[in-house]
2 protein chains.
Amino acid sequence: MSTPGRGLHGHVLDTLGPEITAGEYPPGSVLRTDELAQRFDVSRSVMREAVRVLESMYLVESRRRVGVTVRPKSEWNVYDPQVIRWRLAGSDRPWQLRSLTVLRSAVEPVAAGLAARHATAEQCAELTECALGMVAHSRGHKLEGYLLHDVAFHRVILEASGNEMFARLGDVVAEVLTGRTQHDVMFEDPDPAAVTLHVQVAEAVRAGDSARAEELTREITVGALQELDILAP
Amino acid sequence: MSTPGRGLHGHVLDTLGPEITAGEYPPGSVLRTDELAQRFDVSRSVMREAVRVLESMYLVESRRRVGVTVRPKSEWNVYDPQVIRWRLAGSDRPWQLRSLTVLRSAVEPVAAGLAARHATAEQCAELTECALGMVAHSRGHKLEGYLLHDVAFHRVILEASGNEMFARLGDVVAEVLTGRTQHDVMFEDPDPAAVTLHVQVAEAVRAGDSARAEELTREITVGALQELDILAP
DNA sequence: GACTCTTGAATTAGTCGTACCTAATGGGTT
DNA sequence: AACCCATTAGGTACGACTAATTCAAGAGTC
């Protein structure tokens, strides 16, 4: 899924990216290209390419006579999949998961509503299949299989919305769901109510009931928020 | 706001980026680094840096013995501000505006709801100021001043939500609002109802009424959808 | 004869190192 | 305070070499 060590500059990014996104260099810190090249034992050309990528992620800014300065967190392109992965692997993972879950709570209900109008017959079938797969793996510590279908379910919803911006969040949702299962909560079987909701969403989409699909999905995301103690009083 | 021609590689991107995002090269098309370097009259080093940036945006993929292949639209990082600007400047601008407006309709209401809980006194004041500014410029063909306050208003809302993912959409919303005023609809004064809604949102946020702020903002975004003939029956 | 497997030549990106250019910066001078 | 210049670190160019992958020709097999 990721883009590991694609060439030397990729290897450099695999180390430097996480360091920066972890906040190891405070905003305004200055990195020198030559020093970095020495540190990673690569040529200046390779180092420059890596810096260009970091620059395009708004993580750093390169200025003459000054060096490569780290930009404040508020300017980072937090939607870059690579940046998201780096941050999820770092120390502010909990914070990152919260931000992404809130984003989900905003996007997924609307996406489900749109999916109810735009989904093809094939997508409806896929959705039902995913929901049934979740039911089948909802008991007896089959978390792995459950996760697989859960991820696929939300991916289809986002895809079927017909909105490209929503569709591209499939990877993000996958990361959140995967992370949640593997590291944080959910040591036991998933909440039966959540499973039921997924089945009902699939049915609502199939029936073309936009409002119902949206509302049911909102309930799902509210559950996700509650799992992280993000209240909505 | 943008990052214009920062060095030669930036100049190359200013031309090549719009071409790719405009779909001038069908998915799978191959570009050769050397040819591109010749075409733009830059060294291979510079061209390679430009390719690295395009690669980090998931617009192209570079493989040995094959060249730089253009990736399908569905894989582009459509949240990259640069990509958004390129597409907004290109031929599928209308489609892009629709996607972004739908995204707004999902995000902004939730953001407003959060803002009602998290906004600081200073942010509330700013919000009120923006709303009043909108009122002041709502009549007499003062579209420029109106737009300025409108953009600022939505920026503050997204910022005050306390969610970094929402906050980073400020630039996107700014582009949408600016684009709408400059190119498409709105040759006359803005809809008075919309202006009123903004004032009411500011008041709801100030009062900490989360549900009301969310609902009012939803009405604003519904209006934006209707302007683009995106129905919600 | 048709098919598969191996091998090697051609091609293109990847890497490196050097040399030189350019522009911000900061200190020293007037 | 205004100005000038040496310093410094990134920006650009070029050339040589490396390495991986594709493709096609040829050997071997059924």
Side-chain angles (χ1 to χ4, degrees), chain A residues 2-17 19-20 24-72 75-76 82, chain B residues 2-17 19-20 25-72 75-77 82:
Chain A
S2 66
T3 70
R6 232 196 337 221
L8 281 187
H9 86 105
H11 178 255
V12 170
L13 287 175
D14 287 341
T15 307
L16 198 51
E19 283 181 4
I20 295 176
E24 291 188 23
Y25 307 96
S29 303
V30 187
L31 310 171
R32 256 84 54 96
T33 307
D34 295 307
E35 285 185 8
L36 291 174
Q38 268 197 331
R39 172 184 164 194
F40 291 103
D41 196 36
V42 295
S43 70
R44 201 156 77 102
S45 323
V46 170
M47 198 58 229
R48 287 179 52 73
E49 288 172 21
V51 168
R52 285 280 178 261
V53 174
L54 293 175
E55 209 173 11
S56 83
M57 297 167 171
Y58 295 81
L59 296 182
V60 302
E61 188 180 4
S62 181
R63 285 172 55 200
R64 279 181 156 156
R65 180 63 172 92
V66 168
V68 179
T69 65
V70 179
R71 305 180 87 145
E75 295 178 12
W76 298 350
Q82 190 73 74
Chain B
S2 65
T3 69
R6 237 201 327 226
L8 282 187
H9 88 104
H11 178 255
V12 170
L13 287 174
D14 287 341
T15 307
L16 198 51
E19 283 182 4
I20 295 176
Y25 308 96
S29 304
V30 283
L31 310 171
R32 258 85 54 97
T33 307
D34 294 310
E35 285 186 7
L36 291 174
Q38 268 197 332
R39 173 183 163 195
F40 291 104
D41 195 37
V42 295
S43 70
R44 205 157 73 99
S45 325
V46 169
M47 198 58 229
R48 286 180 53 72
E49 289 172 20
V51 168
R52 284 281 177 263
V53 173
L54 294 175
E55 209 174 11
S56 83
M57 296 168 172
Y58 296 80
L59 295 182
V60 302
E61 187 180 5
S62 182
R63 285 172 54 199
R64 279 180 153 150
R65 177 57 172 88
V66 111
V68 179
T69 66
V70 178
R71 305 180 86 144
E75 295 178 11
W76 298 350
N77 181 10
Q82 188 75 73

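These values consider heavy atoms only, across backbone and side chains, with no hydrogens, waters or symmetry-generated copies.
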Check the distance between [N]'s [atom2] and [X]'s [atom1] and give it to me in whole angstrom.
X	N	atom1	atom2	answer
B/D41	D/dC14	CG	C1'	14 Å
B/L8	C/dC20	CG	P	20 Å
B/F40	D/dT12	CZ	P	15 Å
B/M47	C/dA13	CE	P	10 Å
A/E61	D/dA9	CD	C1'	15 Å
A/D34	D/dT8	CG	C1'	10 Å
B/H11	D/dT12	NE2	P	12 Å
B/L36	C/dT12	CG	P	13 Å

When you check the phosphate oxygens OP1 and OP2 of [N], does a side-chain N or O of [X] lie under 4.0 Å from one of them?
X	N	value
B/R44	C/dT15	no
A/S62	D/dG10	no
B/R64	C/dT12	no

Exercise for the section: Could you tell me whether A/R48 contacts a base, only the sugar-phosphate backbone, or nothing, with contacts defined as non-hydrogen atoms closer than 4.0 Å? Expected result: base

With side chains defined as the heavy atoms from C-beta onward, is the minimum distance between [X] and [Y] less than 4.5 Å?
X	Y	value
A/P72	A/E75	yes
A/E35	A/R39	no
B/R6	A/E55	yes
B/L16	B/Y25	yes

Completion exercise
Among the nucleotides C/dT15, D/dT8, D/dG10, whichever has the atom closest to the side chain of A/R65 is D/dT8

Fill in the blank from the handout: Which of C/dA13, D/dT12, C/dC16 is nearest the side chain of B/T33? It is C/dA13

Exercise for the section: Could you pick out which residue, A/E49 or A/V66, lies toward the 5' side of DNA chain C when each is mapped onto its nearest nucleotide? Expected result: A/E49

Problem - Comparing A/V68 and A/S45 on DNA chain D - which has the more 5′ nearest nucleotide - result: A/V68

Exercise for the section: Start with the C-alpha distance between A/Q38 and A/D34, add both sets of side-chain angles, then the distance that settles side chain to side chain contact (heavy atoms under 4.5 Å, CB included), and finish with yes or no. Expected result: CA-CA 6 Å; A/Q38 268 197 331; A/D34 295 307; over 6 Å; no

